[in-house]
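One structure, pasted below without further comment.
So you know, we letter chains A, B, ... as the sequences are listed, proteins then strands, and number each from 1. Given the structure is predicted, the values throughout are model-derived calculations rather than measurements.
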Number of protein chains: 2
Amino acid sequence: MKEIDQSVLRLLRLLQQDCSLALADLAERGGMSQSTAWRKVQELDAAGVIRRRVALLDARQLDLKLCVIAHVTLDDHHEEAIESFSSVVRNHPEIMECYALSGAFDYMLKIRACDVESYEAFMTRHLLRNPHVRNVVSSFVLREMKASTELPI
Amino acid sequence: MKEIDQSVLRLLRLLQQDCSLALADLAERGGMSQSTAWRKVQELDAAGVIRRRVALLDARQLDLKLCVIAHVTLDDHHEEAIESFSSVVRNHPEIMECYALSGAFDYMLKIRACDVESYEAFMTRHLLRNPHVRNVVSSFVLREMKASTELPI
DNA sequence: CACCGATTGATCAATTTCTTTCATGAACTC
DNA sequence: GAGTTCATGAAAGAAATTGATCAATCGGTG
């Protein structure tokens with residue numbers, strides 16, 4: 001990928017807001033011809049700047065009313081402990097996000113579940129059962145003030 | 001929206017993995033005819049179960065190498081303090097996510113920046129300057145183990 | 001200024017994809 | 001069982017994407 005100029009940034013901003021835009025609209029709003037828009041999007045796809053296009057769904061309508069932020073501390077940080085924990089994270093779609101952090105906790109997880117019971121069940125069944133997990137602190141999300149996928153570009 | 005049956009769930013799962021699938025592919029993988037797939041997707045769009053379709057970009061290539069999880073505590077929880085804080089969150093795209101939490105902290109923020117300096121600048125300029133913000137604890141993301149937008153359905 | 005390469009926009013044909021229409025059959029009601 | 005509604009699939013038409021070509025334009029360089 002070459003340098004990313006202003007016109008490409010405009011396309012990217014539009015696409016991360018709505019990738020179902022027709023090429024004609026995209027071009028118009030991006031202030032360029034359809035051919036140029038097409039070529040730039042091709043490049044962005046090929047270069048992997050556009051990683052993927054996904055549909056964002058409404059959690060409430062799909063009965064996932066609960067969202068939890070959990071902070072996890074492992075017992076030790078040996079290869080095996082980390083791999084074991086990673087595997088739990090990978091294999092459970094309820095864990096939507098997981099970041100290794102600096103600071104007081106090793107990991108931060110964002111977890112979705114239908115309700116407190118099923119969260120509790122998932123937790124005890126899969127996370128707390130893992131021998132390397134020393135500590136989990138769960139905070140319930142009271143309100144989603146912002147949940148954007150748009151990078152600040 | 002009526003009840004959501006298995007075939008619709010299959011479509012939703014596919015779409016939240018890749019919404020650039022052609023209708024024909026979507027239908028085939030979802031195990032139904034193209035017309036049926038089209039109609040179901042229309043309904044899901046209309047009902048808002050599919051909230052939007054977005055492009056996910058590569059933060060690294062866009063020079064956003066830093067990701068920070070910040071925990072914020074407000075001074076008080078009066079209308080004004082909350083509104084003031086909300087306004088900061090709304091108006092700054094660097095703050096990609098913000099959740100009001102139960103537990104030790106009032107809010108959790110996910111923030112993207114190019115580097116530590118610009119993060120520091122943003123922080124002091126916009127968050128710490130806010131008179132209602134009592135405390136901010138920043139944890140740097142060392143590794144993104146998982147960052148999915150797929151709901152566990 | 002003249003030249004060169006790169007980028008852009010316009011246009012077109014081929015292909016693919018989306019959307020509508022229509023007919024069929026199942027399920028249900030009266 | 002006749003009639004109605006509803007969901008389904010096939011097929012046809014409309015529209016958009018894809019990819020290529022060509023001329024015009026822009027920027028830099030000798």
Strictly below 4.0 Å, N to O, side chains only: are A:Asp75 and A:Arg134 in salt-bridge contact?
yes
Base-contact (B) and sugar-phosphate-only (S) positions in nucleotides 17-24 of chain D, heavy-atom cut-off under 4.0 Å, - elsewhere:
SSB-B---
Once you round to the nearest 0.5 Å, how far does SG of B:Cys19 lie from CZ of B:Arg53?
6.0 Å
Exactly one of A:Met96, A:Arg143, A:Glu144 clears side-chain contact (heavy atoms from CB on, under 4.5 Å) with A:Cys67, and that residue is A:Glu144
If I take atom CE in residue A:Met32 and atom C1' in nucleotide C:dA6, what distance separates them, rounded to the nearest angstrom?
16 Å
Rounded distance (Å) that lies between atom C1' of C:dT7 and atom CD of A:Gln6
17 Å
I need the B:Ser84 OG to B:His78 NE2 distance, nearest 0.5 Å.
13.5 Å
Answer yes if the side chains of A:Tyr99 and B:Ser139 hold a donor-acceptor pair under 3.5 Å, and no otherwise.
no
Are OP1 or OP2 of C:dT8 and a side-chain N or O of A:Lys40 less than 4.0 angstrom apart?
yes
Rounded to the nearest 0.5 angstrom, the CG-NE2 distance for B:Asn91 and B:His126 is 10.0 Å
Mind calculating the distance between CD (B:Glu28) and P (D:dA10) to the nearest angstrom?
13 Å
